[in-house]
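Notes to accompany the following structure.
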Amino acid sequence: MTMLDRRLHAYRPDLAEAGLEGKVEASRFVEGAPARIGVPVVGLRPEPDLARGIDTELLLGEDVTVFDRADGWCWVKAASDGYVGYIKAEALSEGKPAPTHIVSVPRTFVYPEPELRKPHRSILSMGSRVHVAGEAEARGNHYVVLEDGTAIFSKHVQPIGALDGADYVEIATRFLETPYLWGGRSGLGIDCSGLVQLAMQMTGRNAPRDTDMQATGLGEPINRSEIRRGDLVFWKGHVAVFENPETILHANGHSMTVARENFEAAVKRIGWLYEQPTGYRRPIS
């Protein structure tokens with residue numbers, strides 16, 4: 001049987017997704033059941049163990065397919081990028097209406113009602129999806145009201161799809177100074193490939209999750225001499241976005257933030273650890 005990437009294919013000796021029947025060995029194959037993330041952000045892990053580091057994160061309102069539920073964990077596959085892993089069962093929501101809007105700023109607060117002086121209920125990241133049931137105004141501020149009566153400042157959300165075709169580099173710049181987090185994919189903490197993926201997803205583009213996936217499957221290879229805004233540079237285990245031919249944006253473990261850096265200076269600084277860039281790619285619009 002074929003050995004497949006466990007990050008993108010749901011299979012274990014006892015269970016596998018139905019589409020892999022005949023390709024992997026498993027005692028049982030299932031279609032899985034649809035579900036939706038019901039918490040602001042949840043880590044997706046390779047094993048059902050909180051001591052294991054996260055591979056990536058899923059955001060409020062994102063869809064998943066659930067293959068198994070056991071001992072307070074769910075084995076799922078993310079609809080947005082096909083990533084497979086384990087999340088805590090309480091992270092899933094049931095019976096809520098489909099999202100209509102998406103958070104379009106790095107972070108925003110959810111208030112118990114349309115009033116900014118009230119203690120906030122939670123913090124949502126860019127990319128979080130919510131169902132807007134109405135609108136309200138208080139003290140001159142405009143809010144969208146969610147199905148449970150909570151409220152978000154209206155300028156912090158947009159209808160889903162409103163940013164399709166926009167400049168993803170401009171979206172990436174909104175994350176400047178966001179803390180670096182291995183496996184992070186939110187405005188609360190993000191890693192290098194998470195920054196690329198989330199910024200592209202906000203503008204309606206599909207992007208793989210991890211650096212190695214992006215280095216081989218995102219766009220097309222180009223030469224250094226062809227670099228323009230929006231192109232990508234890869235090192236072994238790292239990726240950065242060209243803001244212009246001389247400047248990159250990247251979430252990195254040196255500053256522990258999303259930072260803007262001169263490209264040639266970054267090449268010299270990174271070289272001792274990751275050697276020279278391994279390639280350049282241009283995402284297809």
Side-chain angles (χ1 to χ4, degrees), residues 36-43 56-64 78-80 90-181 184-191 194-205 241 243 249 251 257-260:
R36 186 168 291 135
I37 302 300
V39 296
V41 60
V42 61
T56 186
E57 292 178 319
L58 302 177
L59 305 177
L60 179 73
E62 292 190 316
D63 291 323
V64 298
S80 62
E90 60 260 31
L92 296 178
S93 65
E94 303 289 345
K96 290 191 175 181
T100 60
H101 287 64
I102 191 166
V103 175
S104 56
V105 294
R107 297 159 291 279
T108 193
F109 295 110
V110 179
Y111 297 98
E113 61 184 83
E115 172 51 72
L116 61 82
R117 299 184 184 185
K118 295 288 185 179
H120 67 274
R121 290 273 184 88
S122 61
I123 303 174
L124 299 183
S125 164
M126 180 187 288
S128 300
R129 294 166 180 256
V130 297
H131 178 88
V132 171
E135 300 179 5
E137 183 176 345
R139 302 180 188 273
N141 292 313
H142 295 271
Y143 300 84
V144 293
V145 180
L146 309 186
E147 76 279 358
D148 61 357
T150 59
I152 299 173
F153 189 58
S154 63
K155 291 184 179 180
H156 290 182
V157 300
Q158 294 196 41
I160 291 173
L163 292 175
D164 286 1
D167 178 10
Y168 94 91
V169 181
E170 189 278 324
I171 299 294
T173 64
R174 301 184 192 183
F175 288 95
L176 284 168
E177 304 299 330
T178 297
Y180 177 87
L181 176 66
R185 185 179 156 266
S186 83
L188 304 178
I190 200 163
D191 66 16
L195 175 67
V196 171
Q197 186 193 53
L198 186 53
M200 287 190 177
Q201 288 176 335
M202 288 297 299
T203 61
R205 298 170 173 87
V241 179
E243 187 175 27
L249 302 167
T257 64
V258 176
R260 177 183 281 120

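Since we're looking at a predicted model, the values are computed, not measured.
When the side chain to side chain donor-acceptor pair (under 3.5 Å) test is applied to Arg139, the partners found at least two apart in sequence or on another chain are Glu115. In this structure Ile102 satisfies the side-chain contact (heavy atoms from CB on, under 4.5 Å) test together with Arg129, Ile160, Met202, sequence neighbours excluded. Residues meeting the side-chain contact (heavy atoms from CB on, under 4.5 Å) test with Ala162, sequence neighbours left out: Gln158, Pro159.
You'll find the side chain of Glu90 stays beyond 4.5 Å of the side chain of Val39, heavy atoms only. Using a 4.5 Å heavy-atom threshold, the side chains of Leu188 and Ile123 count as touching. Considering only heavy atoms from C-beta on, His120 stays 4.5 Å or farther from Pro112 through its side chain. Under the 4.5 Å side-chain criterion, counting only non-hydrogen atoms from C-beta, Phe175 is in contact with Met126. Side chains of Arg174 and Pro106 form a contact here, defined as non-hydrogen atoms less than 4.5 Å apart. Side-chain contact between Leu92 and Val64 is present, with heavy atoms from C-beta onward closer than 4.5 Å. Residues Val241 and Val169 form a side-chain contact, since some pair of their non-hydrogen atoms from C-beta on lies under 4.5 Å apart.
Remark: of the listed residues Leu124, Thr100, Thr108, Leu124 is the sole one forming a side chain to side chain contact (heavy atoms under 4.5 Å, CB included) with Val130.
For Arg107 (side chain) and Ser125 (main-chain N/O), no donor-acceptor pair under 3.5 Å exists by modelled atom type. Under the 3.5 Å distance criterion, the side-chain polar atoms of Ser122 are left unmatched by any main-chain donor or acceptor of Val110. For Tyr143 (side chain) and Leu116 (main-chain N/O), a donor-acceptor pair under 3.5 Å exists by modelled atom type. Between the side chain of Glu62 and the backbone N or O of Leu59, at least one donor-acceptor pair lies under 3.5 Å. Ser154 contributes a side-chain N or O that, together with a main-chain N or O of His142, makes up a donor-acceptor pair within less than 3.5 Å. Between the side chain of Arg260 and the backbone N or O of Leu249, no donor-acceptor pair lies under 3.5 Å.
Here Asp191 contributes atom CG and Thr178 contributes atom OG1; the two are 12.0 Å apart, rounded to the nearest 0.5 Å. Of the inter-residue distances, the one linking Leu198 atom CG with Tyr168 atom OH reads 12.5 Å to the nearest 0.5 angstrom. Distance check: Arg36 CZ to Leu58 CG gives 13.0 Å after rounding to the nearest 0.5 Å. Interatomic distance, Ile152 CD1 to Ser128 OG, rounded to the nearest 0.5 Å: 8.0 Å. The line from CD of Glu57 to OG of Ser186 is 5.0 Å long, rounded to the nearest 0.5 Å. Distance check: Gln197 CD to Thr56 OG1 gives 6.0 Å after rounding to the nearest 0.5 Å.
Considering all non-hydrogen atoms of both residues, Glu243 and Thr173 come closest at OE2-CG2, 3.8 Å. Minimum heavy-atom separation, Glu147 to His131: OE1-O, 3.3 Å. The shortest non-hydrogen separation linking Thr150 to Arg121 is CG2-NH1, 3.6 Å. In plain terms, the two heavy atoms of Gly38 and Ser93 that are nearest each other are CA-CB, 3.7 Å.
A perpendicular orientation is assigned to the rings of His156 and Phe153, their planes being inclined by more than 60° (bins at 30° and 60°).
Other residues, nucleotides and ligands contribute at most 12 non-hydrogen atoms within 6.0 Å of the CD atom of Glu135.
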For the pair Val42 and Ile37, evaluate side chain to side chain contact (heavy atoms under 4.5 Å, CB included) and give the outcome as yes or no after the intermediate values.
CA-CA 8 Å; Val42 61; Ile37 302 300; 4.2 Å; yes
Could you walk me through whether Glu113 and Lys118 pass the side chain to side chain contact (heavy atoms under 4.5 Å, CB included) check?
CA-CA 8 Å; Glu113 61 184 83; Lys118 295 288 185 179; 3.5 Å; yes
